[in-house]
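Remarks on the structure that follows.
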Number of protein chains: 2
Amino acid sequence: MTGDSVNGDRAPSTLAFLLSQVGIHASRRFAERIAEVDLNPPLFRILNLIDAAEGQSQQAIGAGIQVPPSRMVALVDELEERGLVERRPNPEDRRVRALYLTRKGRSALTRGRAIAKAHEEELTEGMSETDRTRLTKLLQKMVDQQAIGRGVHPGLSS
Amino acid sequence: MTGDSVNGDRAPSTLAFLLSQVGIHASRRFAERIAEVDLNPPLFRILNLIDAAEGQSQQAIGAGIQVPPSRMVALVDELEERGLVERRPNPEDRRVRALYLTRKGRSALTRGRAIAKAHEEELTEGMSETDRTRLTKLLQKMVDQQAIGRGVHPGLSS
DNA sequence: TATTGTTATACTCTATAACTATA
DNA sequence: TATAGTTATAGAGTATAACAATA
């Protein structure tokens with residue numbers, strides 16, 4: 001590939017190009033790996049959020065990461081069908097469905113986290129500790145400067 | 001958003017998360033901006049590639065960035081309908097359609113490049129020149145280490 | 001037989017709008 | 001009237017497979 005004459009590697013890549021190139025690669029690769037535990041990135045992300053705030057409503061969870069209500073339904077449906085999440089009635093407001101992880105859900109989350117860690121290591125393979133820290137800081141600064149929102153992943157929102 | 005209790009910002013982000021977060025943001029933002037000249041990222045990319053290798057066949061262009069033949073048809077169809085690209089017969093092989101930019105295509109490309117430059121500036125706003133260079137080098141190293149392929153954008157391939 | 005370009009088709013992801021049951 | 005959840009539906013983007021013309 002690198003030796004082809006018809007590709008885009010003649011000009012040095014811009015930061016914008018590199019960022020989107022590496023970012024999409026990282027997302028794709030993570031999607032591949034998290035599939036090993038029969039999850040996909042959105043599902044894994046929701047599992048994490050429920051774990052961090054058990055008993056919250058579907059829409060409260062969704063609002064935090066800019067996921068519309070209708071999508072939350074589909075996502076939670078799938079998690080519930082697989083027995084990873086439970087929808088419990090909220091006695092104070094019968095419209096609300098409070099979300100809880102099942103034991104199976106908790107175990108899936110643990111396995112997912114191990115994969116996330118392995119993915120992180122794969123992605124930073126061959127990088128010195130200094131470079132990792134440096135890169136993290138630069139990207140974090142960008143998230144703040146560009147007002148992306150910490151923890152808000154655009155691939156799971158609008 | 002940053003003050004919400006139900007979001008993902010409690011734990012410090014991993015490099016994998018940051019990379020995909022910032023990368024997808026950069027892609028989305030670029031898509032928004034390039035729409036100002038009535039293009040989308042794949043179309044702009046193809047325009048660039050044709051400019052760099054005029055007279056090549058559709059499939060030769062597509063192969064360099066891992067785009068399947070059937071998709072090249074749709075992409076070039078659209079560019080041709082808008083009068084940005086011309087398909088010319090190749091007298092040596094009548095199966096082949098050689099691609100050329102029209103004057104209008106060249107002008108669209110110029111305007112697109114100006115937008116790409118503005119996008120680059122927006123994305124690196126508030127960053128020192130040192131940090132830009134540093135970030136570029138780190139990402140470039142990652143592209144090589146992860147065998148992503150210089151100039152090959154995963155968002156325009158498989 | 002192999003290759004270029006094409007068509008037909010289908011699948012994934014996602015959002016918008018309308019609906020229901022509660023409040 | 002407003003809100004939580006739901007359903008119906010449609011659009012964008014993309015890939016695979018089969019096909020026609022030419023090599």
Side-chain angles (χ1 to χ4, degrees), chain A residues 6 20 24 27-28 30-32 34-35 38-46 50 53 55-81 85-99 152-158, chain B residues 6 20 24 27-28 30-32 34-35 38-46 50 55-81 85-100 152-158:
Chain A
V6 182
S20 96
I24 290 176
S27 306
R28 293 252 170 106
F30 180 63
E32 273 175 31
I34 201 73
D38 210 32
L39 286 174
N40 59 37
L43 257 21
F44 176 63
R45 190 124 173 72
I46 302 290
I50 297 177
Q56 291 281 337
S57 72
Q58 271 182 207
Q59 294 193 19
I61 298 270
I65 52 169
Q66 291 160 29
V67 171
S70 68
R71 204 179 164 201
M72 283 304 294
V73 172
L75 256 10
V76 177
D77 274 356
E78 182 144 11
L79 292 171
E80 196 178 38
E81 274 160 29
V85 160
E86 239 184 305
R87 278 174 168 121
R88 295 191 203 154
N90 177 338
E92 282 152 31
D93 184 339
R94 292 196 301 171
R95 291 171 306 181
V96 167
R97 330 282 249 107
L99 302 182
V152 179
H153 197 295
L156 213 166
S157 59
S158 77
Chain B
V6 182
S20 96
I24 290 176
S27 306
R28 294 253 170 106
F30 180 64
E32 272 174 31
I34 201 73
D38 209 34
L39 286 175
N40 59 35
L43 256 22
F44 176 63
R45 191 124 173 72
I46 302 291
I50 296 176
Q56 291 282 336
S57 73
Q58 272 183 207
Q59 293 193 20
I61 298 272
I65 52 170
Q66 291 160 28
V67 170
S70 68
R71 202 177 164 205
M72 283 304 294
V73 172
L75 255 11
V76 177
D77 274 356
E78 182 144 11
L79 291 171
E80 196 178 38
E81 274 159 30
V85 159
E86 239 185 306
R87 280 174 166 121
R88 295 192 203 153
N90 177 337
E92 280 153 33
D93 184 341
R94 292 196 301 171
R95 291 171 307 180
V96 167
R97 329 283 249 106
L99 302 181
Y100 291 86
V152 178
H153 197 294
L156 213 165
S157 60
S158 77

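Below, chain A is the first sequence line, B the second, and so on; all start at residue 1. All values below come from the heavy atoms of this structure, side chains included, with hydrogens, waters and symmetry mates left out. Just so you know, these numbers come straight off a predicted model, no measurement behind them.
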5' precedence on DNA chain D between A:Asp77 and B:Ala74 (nearest-nucleotide basis) =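 Closest to the 5' end, via its nearest nucleotide, is A:Asp77.
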Can you find a donor-acceptor pair, distance only, under 3.5 Å between B:Arg95 side chain and C:dT3 base?
-> yes
Are any of [X]'s side-chain N or O atoms less than 4.0 Å away from OP1 or OP2 of [N]?
{"X": "A:Arg97", "N": "D:dT6", "answer": "yes"}
{"X": "A:Arg87", "N": "D:dT6", "answer": "yes"}
{"X": "B:Gln59", "N": "C:dT6", "answer": "no"}

Spacing between [X] atom [atom1] and [N] atom [atom2], to the nearest angstrom:
{"X": "B:Asn90", "N": "C:dG5", "atom1": "CG", "atom2": "C1'", "value": "13 Å"}
{"X": "A:Arg28", "N": "C:dC13", "atom1": "CZ", "atom2": "P", "value": "12 Å"}
{"X": "B:Arg94", "N": "C:dA2", "atom1": "CZ", "atom2": "P", "value": "22 Å"}
{"X": "B:Leu99", "N": "C:dG5", "atom1": "CG", "atom2": "P", "value": "8 Å"}
{"X": "A:Asp93", "N": "C:dT22", "atom1": "CG", "atom2": "P", "value": "10 Å"}
{"X": "B:Met72", "N": "D:dT16", "atom1": "CE", "atom2": "P", "value": "16 Å"}
{"X": "A:Leu75", "N": "D:dT6", "atom1": "CG", "atom2": "P", "value": "12 Å"}
{"X": "B:Glu78", "N": "D:dG13", "atom1": "CD", "atom2": "C1'", "value": "12 Å"}

Heavy atoms of other groups near B:Glu32 CD, more than 12 under 6.0 Å | yes
If you round to the nearest 0.5 Å, how far is CG of A:Leu43 from CD1 of A:Ile34?
->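 A:Ile34 CD1 to A:Leu43 CG: 9.5 Å, rounded to 0.5 Å.
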Touch class at under 4.0 angstrom, heavy-atom based, for B:Val96 against every strand present =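 Answer is sugar-phosphate: B:Val96 comes under 4.0 Å of backbone atoms only.
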For A:Ser70, answer base if it contacts any base atom (sugar-phosphate contacts may also be present), sugar-phosphate if it contacts only those atoms, and nothing otherwise; contact means non-hydrogen atoms under 4.0 Å.
-> base
With side chains defined as the heavy atoms from C-beta onward, is the minimum distance between [X] and [Y] less than 4.5 Å?
{"X": "B:Leu99", "Y": "B:Gln58", "answer": "yes"}
{"X": "B:Ser57", "Y": "B:Asn90", "answer": "no"}
{"X": "A:Ile46", "Y": "A:Ile50", "answer": "yes"}

